[in-house]
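Just so it is clear, the values below take in all heavy atoms, side chains as well, and ignore hydrogens, waters and symmetry mates.
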Amino acid sequence: MLGILTGIIILLASGFLALLIRGRRLWASYVGAGGVVAAAVLGVVSSARILSSGGVESLRLAWALPLGELHVSVDALSAVFLLAVFGMSGLSAVYGIEYLAPYGGRKPLGVSWFFFNLLAASMVMVLVARDAVLFLIAWETMSLASFFLVAFENERAEVREAAWTYLVATHLGTAFLLVMFALLGRAAGCFDFDRFGELKLLSGNMGSVLFILALVGFGTKAGFMPVHVWLPEAHPAAPSHVSALMSGVMIKTGIYGLVRVLTWAERPVWWWGYLMVAIGLTSGVFGVLFALAQHDLKRLLAYHSVENIGIIGTGIGVGLIGMSFDLPALVVLGFSGAFLHVINHAIFKGLLFLAAGAVLHETGTRNIERLGGLIKSMPWTGLAFFVGAAAICGLPPLNGFVSELLIYLGAFNGAKSMAALVAAPMLAVVVGLALIGGLAAACFAKAFGIVFQGEPRSEQAAHAHECVGLMRVPMLFLAIGCALIGLFGPWVVSVLAPAVECVSGLPLSSVAGQLATSMRPLTLVAGCGVVLIMLGAGFALVRWRLLRHRSVSTAVTWDCGYVRPTARMQYTASSFAQPLTALFSPVLRTARKAVAIDDVFPGHSELETHTPDVAGEFLFRPIFSGVGALFSRLLWLQQGRLQVYILYVAIALVTLLVWKTR
Amino acid sequence: MSVELILTVVVLTNLRLLGASRLGACIRTVGLQGLLLGLLPLATGGRLTTLHVVVLAVGSMVLKGFVFPRLLFWALREAHVTREVEPFIGYTGSLLIGGFMLGGAVWLGDRLVIGGTTDLSWVVAVAMFSILTGLFLIVARKRAIHQVLGFLVMENGIYIFGIGAIPGIPLLVELGLLLDIFVAVFVMGIAVYHINREFDHMETDKLDVLRG
Amino acid sequence: MNTTISMQSLINFFLAVVFAPLLIGLINRTKAWFAGRRGQPLFQLYYDLAKLARKGAVYSRTTGWLFRAGPAVGLAAAIVAAALVPFGGAPGLIRFDGDLVLFAYCFGLMRFLTVLGALDTGSSFEGMGASREVTFSALAEPAMFLALAALVRRTESLSLSGIYAGIDVEVWRTSPALLLLVIGTLVVVLLAENSRIPVDDPNTHLELTMIHEVMVLDHGGPDFGFILYGGAVKLWAMSALISGLIVPGHFGPWCGTLSGVLCMFVLAMVVGIIESVMARLRLLRVPQLLVGGAALSAVALMITLS
């Protein structure tokens, strides 16, 4: 506990210090990032200690505000998320030093670091707060800090637009949370989380209302479809180390909030699990479909965050269905799969965003169609991106497979149950996960294959260099993390048991017992992974021995006898994804603008595709323009004179006074 | 040849009807369905193999398997229509809706436990699915011939209900139904032919030019 | 008893590794017979492999380490998958709850590496093949999981070995429809995943129409040998899923293995017959075939749910 609070203080102090440093270009970066790294080391160590001991550490202090109190506490559930937050903050801060360096002359870096450290500190606070008021303050600080980080390049119109979208979305979400906590506070008579838990406030009809409020409020932050609209805007706009932090861990605070609220439930109503599974699968399938249709590398990754949040949501749904139908196997497998995927996604999505940032840093473009062949000029970044891509597709022997296997196991466990009410959603989970897996593999084959392989498609791509060491090191750490969790899956999963106990309400012994039965699969999966690697290495050795004394030469790629191929003739990302986007065109609604070829000797022609977000375009735009039209009727109130505005204030005050003394 | 197997093939023929793009294929599929349903009472084992059931089965096999398809092919040829189905709702969409209808039918089959035995729920499900498919075909396809086909599929669904779920369905009702269908097909065939004569096409959505 | 079973699993695994290329030979011989030719020798793929192992290699200048590592790791993945499959009534060499997921994802890894190898060359043809491959496999994967889920529900077991141990004559007697539907799905998946007609034609000579073959155009020497052999092992492993349903091996260990191998050979001939009597589908039609295959298993699941 002390370590974590010290971490918060270090974060805030170094943030303020960085704010004060001006002029000297990189000092602000060193101070800001140094503080984050120090806090991260401290935080990772202490949260790992709490997670392994399985205990709860808390602290209560009185404070001067009228509502609530300063009640912070760390249990296993918080510790899981804290590990991800501290780890990713430290690594992306190290990366950020070099990433921000080119902006040094033009931008006040101290401000950026101040908000970065504030974001990290507020995320930690969100995870440890045990009082609704404190939680909301931290939550709001987190939203605002990340808003300023997104708006870093605010001289560009699309960045301002993205930041604005994010601000509106996150506040709409927070509004639902305000209502939820107000209802909870009224029912409990205080704002203490422990009290909410003791009273089991999430039961009956009221419980369902609260669940929906939490789902919308926290889901907006997490990025569930269809309230994910800010993700594909904000992630590409933010600097890459910030994208990594936001996509890797900040959206997970939404998952944390939802799970924390679920711990206050007596017993989930059956349709909660159904709803979670439905939302999870929708987010998963639609997220990856929209990712397939993107040309912007970071936007593609942002949609994959939606997909992975969907997988996490599906895991939670499996757990919830298990809780409502008294099937402990589903509870344990679903929740442990979801928690492991939270950590895994933090690792590989952080890794992918950092690698994408390195590409952007070196080539100056995020447009996949203009890249290519980077693995030769940027071998480390390429290797890192490859590991991240294989991991996010859930391919063995990396970490993504382990967490997806847990959710699959839970779903298959439910699918063999005799009750159709349990089996039907579980079968949907099995099929949905399989579809998501196949589509994700297609999408990352496209992202990696077009960006890093083949020949460079533009000048910028041809002249790229490998990024410097400070950017490389965090990526390598994360790539190693992907492999380690993949090979030591059983150990990692057993560490998660107390967190599962926290949310499921099952006794620890039963959770551990249930996990023990899934230890055998996990151990054997790890074993198969080792065998796979050894066999692969063995075959590579065989190949090396065979080719050692033979002629190995190089030539051009087989081009069917065509004599003058150019790099522009390579298959593009859009054409690679076209069969799938065409197949799912009723969902994607890709706009296509083409100058057709109708001459015998074709002249100039062009093709442009754009896939707007279906929820943004067909759900929120009409709503917002409707609301806008409604409020534009009140434009006459806006007189543009100070006197009138003061009059408004006075009228409002008098009205309130009259209403109160009535 | 178990009941389950026949019914499963019936489900597959229904799905085929939803996804088929050729009128000829649709007619043949409906014919196949008729043949299968004729086999159904014979496959239920001793329970239903009385003489009148056998006669009824053979009769319906001949009618649904050979006579109706012949009639429809004749109408198709006479009317000189193209062989495309021309759906209001596309084939993929139809199949998707078919999937949901099947799910709903299974759910209904679970609920509507007739006669207190649970092993009949698949029978009820398939019957419901056939009825729903027939309705869907009537609603979602343009061609008049498809209305006839949809009607036939619906009747098949009712027939499955009769054979599988309610052992004691009176012969008279069954015969009446069959006669009904026969007349319907006949009338439709003639109507199709005449619509074609008068308006030179047989798309039902163009009947609205007759409105006052 | 326990040792004999694991002995049989071991032998089955070696049979898979040794006889896998023979399946390709059988398919080709069947096709030749249908076409009225004598056809290549049954052991042609063995000769090819031996020849490739003796050759040097020519690499495209565009390619990098991934292109060279892909075939070796892909073959390793196929062999791990083959070790998971139960055969002839005996469990697989490795078995655990959820091994069916690993089975499917091993092939996913193999495919991912092949696709990246294709994109590594920067060739448009290979990019096109890769694009088609990922499209069709993204649809084949749910179909396979649906089929396996139907079996999981019927046998209430979570591992491939457990599932196939639970399939016996009694299951065939009580729910033939379910098994037939599942076999239908698995055959569709087998044809699609192993680049067979009607999805892909392994013998086509135009790059534009190939799917799998075009992706490996630039591979040569031992690398290409790994790819061919890996493909054969994959064909064996996926066919074993079907033959395990057709010949529920409860006839004792040796008879089980023997009948299993025979069934595999018959299955290869059936694939050859399918390839001989069908034309390749238009590319736009392939997704319909795959979705239709998935629909078969969906209907099977509906039976189990009702």
Part of [X] within contact of chain A (heavy atom distance under 4.5 Å):
| X | value |
| --- | --- |
| Tyr105(C) | both |
| Asp218(C) | side chain |
| Leu284(C) | neither |
| Ala130(C) | both |

Item to complete: Mark yes or no: Arg543(A) above the aromatic ring of Phe226(C), with NZ or CZ under 6.0 Å from the six-membered ring centre and no more than 45 degrees from the axis.
Response: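 The answer is no; the distance or angle limit is not met.
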
Which of the residues [options] is involved in the greatest number of heavy-atom pairs with chain C at under 4.5 angstrom?
| options | answer |
| --- | --- |
| Ala390(A), Pro397(A), Gly432(A), Ala445(A) | Ala445(A) |
| Val542(A), Leu439(A), Val430(A), Leu427(A) | Leu427(A) |
| Leu383(A), Thr572(A), Val556(A) | Val556(A) |
| Ile533(A), Val531(A), Leu583(A) | Leu583(A) |
| Ala540(A), Gly382(A), Cys528(A) | Cys528(A) |
| Ala420(A), Ala441(A), Ala555(A) | Ala555(A) |

Discussion item. Please classify the contact of Leu433(A) with chain C as side chain, backbone, both or neither, using a heavy-atom distance under 4.5 Å.
Written reply: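 The backbone, not the side chain.
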
Item to complete: Sort Leu546(A) into side chain, backbone, both or neither according to what part of it lies under 4.5 angstrom from a heavy atom of chain C.
Response: side chain

Worksheet item: chain A: which of Thr304(C), Val134(C), Leu119(C) shares the most heavy-atom pairs with it under 4.5 Å?
Response: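 Most heavy-atom pairs under 4.5 Å with chain A: Leu119(C).
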
Item to complete: For atom CZ of Arg568(A), decide whether the heavy atoms of other residues, nucleotides or ligands shown that lie under 6.0 angstrom number more than 12.
Response: no

